[in-house]
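Computed from heavy atoms alone, side chains included, the values below leave out hydrogens, waters and symmetry copies. Reminder, nothing fancy here: chain letters follow the sequence lines and each chain counts from 1. Being a predicted model, the structure only gives us computed values, none of them experimental.
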Number of protein chains: 2
Amino acid sequence: MNIEKVFVEKGISLTSQRRLIAETLLNSSKHLGAEELFYLVHKKNPRIGLATVYRTLQIMRENGIIEKRDFGDGCSRYEDRKDMHHDHLICMKCGNVIEFDEPTIENLQMKVAEKKRFKVVTHRLELFGYCNKCSK
Amino acid sequence: MNIEKVFVEKGISLTSQRRLIAETLLNSSKHLGAEELFYLVHKKNPRIGLATVYRTLQIMRENGIIEKRDFGDGCSRYEDRKDMHHDHLICMKCGNVIEFDEPTIENLQMKVAEKKRFKVVTHRLELFGYCNKCSK
DNA sequence: TATAAGAATGATACTCATTCTCAATATATT
DNA sequence: AATATATTGAGAATGAGTATCATTCTTATA
Ligand SMILES: [Zn+2]
Ligand SMILES: [Zn+2]
Ligand SMILES: [Zn+2]
Ligand SMILES: [Zn+2]
């Protein structure tokens with residue numbers, strides 16, 4: 001993903017701080033929390049403040065560049081908004097997150113909602129347990 | 001549910017405070033948050049402190065009497081742990097919560113996890129949107 | 001270029017749900 | 001009763017996230 005292009009398209013001014021924050025998040029394969037991201041960013045530029053990290057995350061979220069997740073471990077996590085929706089398997093030991101997409105589940109969700117006359121806007125499905133490594 | 005019996009079975013001493021807190025929560029059909037529950041309890045016995053509400057909730061959760069939920073509205077919510085697992089439809093306007101259980105979805109979840117060699121311990125599925133009333 | 005207006009930043013104060021601390025009470029045991 | 005143990009309530013502490021505000025860029029205009 002070309003950060004400059006995306007920011008320009010959305011009409012967000014791209015400061016050096018925002019560039020570094022965005023680059024660090026989008027180049028990571030993990031679902032980073034704000035503090036974690038701040039730590040990584042801080043190593044590269046110790047002048048950047050935590051507030052700027054939070055602000056940049058909010059702007060990127062408002063503009064549909066990233067998504068906010070809550071895996072119930074006390075802090076929100078952020079990730080690149082991929083083209084395809086996906087859900088998560090979360091390892092309770094090592095914290096590793098595996099992504100998946102199961103269209104049949106998605107369809108069944110819609111049917112359940114219809115039955116209850118409920119209009120679904122969004123959803124989240126998270127399976128907690130142990131990954132292959134950790135369950136040995 | 002007989003509160004006295006349940007507490008005795010689990011070996012939890014049942015003080016007057018705990019009885020009131022447990023009764024209030026279990027007699028409610030809603031998914032109450034701690035503050036909300038504290039408010040209800042406080043009306044009946046203003047001497048009970050918020051810390052005791054939190055402590056009692058924790059004890060009941062540790063003993064499998066209730067379950068903690070996080071619907072992403074800033075506070076945890078608690079509900080009677082029913083015999084059957086269930087998931088939730090949550091209205092983003094009125095906050096109403098509808099429960100459902102769809103065994104086919106549950107089965108598919110297991111299959112997805114197997115494919116990823118992941119051992120599922122628990123999961124949560126929440127559909128956010130608008131209930132029948134609010135979507136008009 | 002100079003300058004004024006506007007946006008972004010960083011330090012810090014603040015909020016708010018939840019947990020911790022500790023002295024005071026209540027309960028159980030000898 | 002006397003002692004040990006458990007529970008309580010008030011308030012302090014915690015920690016993620018937000019708001020404030022003076023300072024530092026940018027941009028636009030004279
Ligand atoms: Zn693992
Ligand atoms: Zn993801
Ligand atoms: Zn509604
Ligand atoms: Zn429920």
K.L.:
Rounded off to whole Å, could you give me the CG-to-P distance for the A/L32 and D/dA16 pair?
P.N.:
15 Å

K.L.:
Taking only side-chain N and O atoms of A/R18, does any of them lie within less than 4.0 angstrom of OP1 or OP2 on C/dA8?
P.N.:
yes

K.L.:
Does B/T15 make a side-chain N or O approach to OP1 or OP2 of D/dT8 shorter than 4.0 Å?
P.N.:
yes

K.L.:
In this structure, how many angstroms lie between the C1' atom of D/dG15 and the CD atom of A/E35, rounded?
P.N.:
9 Å

K.L.:
Figure out the CD1/P separation between B/I12 and C/dT27, and round it to whole Å.
P.N.:
17 Å

K.L.:
Is it true that A/E99 and A/H31 share a donor-acceptor pair across their side chains at a distance under 3.5 Å?
P.N.:
yes

K.L.:
Looking at B/H88, B/K30, B/K68, which one forms a side-chain hydrogen bond (donor to acceptor under 3.5 Å, both in side chains) with B/E79?
P.N.:
B/H88

K.L.:
Would you kindly give the CZ-to-P distance between A/F38 and D/dG17, to the nearest whole Å?
P.N.:
14 Å

K.L.:
State which of D/dG17, D/dG9, D/dA19 makes the closest approach to the side chain of B/R47.
P.N.:
D/dG9

K.L.:
Is the closest side-chain heavy-atom distance between B/I90 and B/F71 below 4.5 Å?
P.N.:
yes

K.L.:
Under the ring pair (Phe, Tyr, Trp, His ring centres under 6.0 Å) criterion, do A/H86 and A/F100 qualify, and how do the steps go?
P.N.:
CA-CA 5 Å; A/H86 66 270; A/F100 72 91; 8.7 Å; no

K.L.:
To the nearest Å, give me how far apart CG (B/L37) and P (C/dT18) are.
P.N.:
12 Å

K.L.:
Taking CG from A/L50 and P from D/dG15, how many angstroms apart are they, rounded to a whole number?
P.N.:
14 Å

K.L.:
For B/Q17 and D/dA6, what is the distance between atoms CD and P respectively, to the nearest whole Å?
P.N.:
17 Å

K.L.:
Round to the nearest Å and state the distance from B/L14 atom CG to C/dA28 atom C1'.
P.N.:
16 Å

K.L.:
Does a side-chain N or O of A/S13 approach OP1 or OP2 of C/dA8 to a distance below 4.0 Å, or not?
P.N.:
yes

K.L.:
What residues form a salt bridge (Lys or Arg N to Asp or Glu O under 4.0 Å) with A/K43, not counting sequence neighbours?
P.N.:
none

K.L.:
Please list residues of residues 52-75 of chain B whose heavy atoms come under 4.0 Å from any atom in DNA chain C, ordered by number; otherwise none.
P.N.:
B/Y54, B/R55, B/G74, B/C75

K.L.:
Give one of base, sugar-phosphate or nothing for B/I48, where a contact means two heavy atoms less than 4.0 Å apart.
P.N.:
sugar-phosphate

K.L.:
How about B/D87 and B/H85: does a side-chain donor come under 3.5 Å of a side-chain acceptor?
P.N.:
yes

K.L.:
Between the side chain of B/N2 and the main-chain N/O of B/E4, is any donor-acceptor distance below 3.5 Å?
P.N.:
yes

K.L.:
Closest-nucleotide mapping onto DNA chain D: is B/N45 or A/S76 further toward the 5' terminus? I mean the 5' end.
P.N.:
B/N45

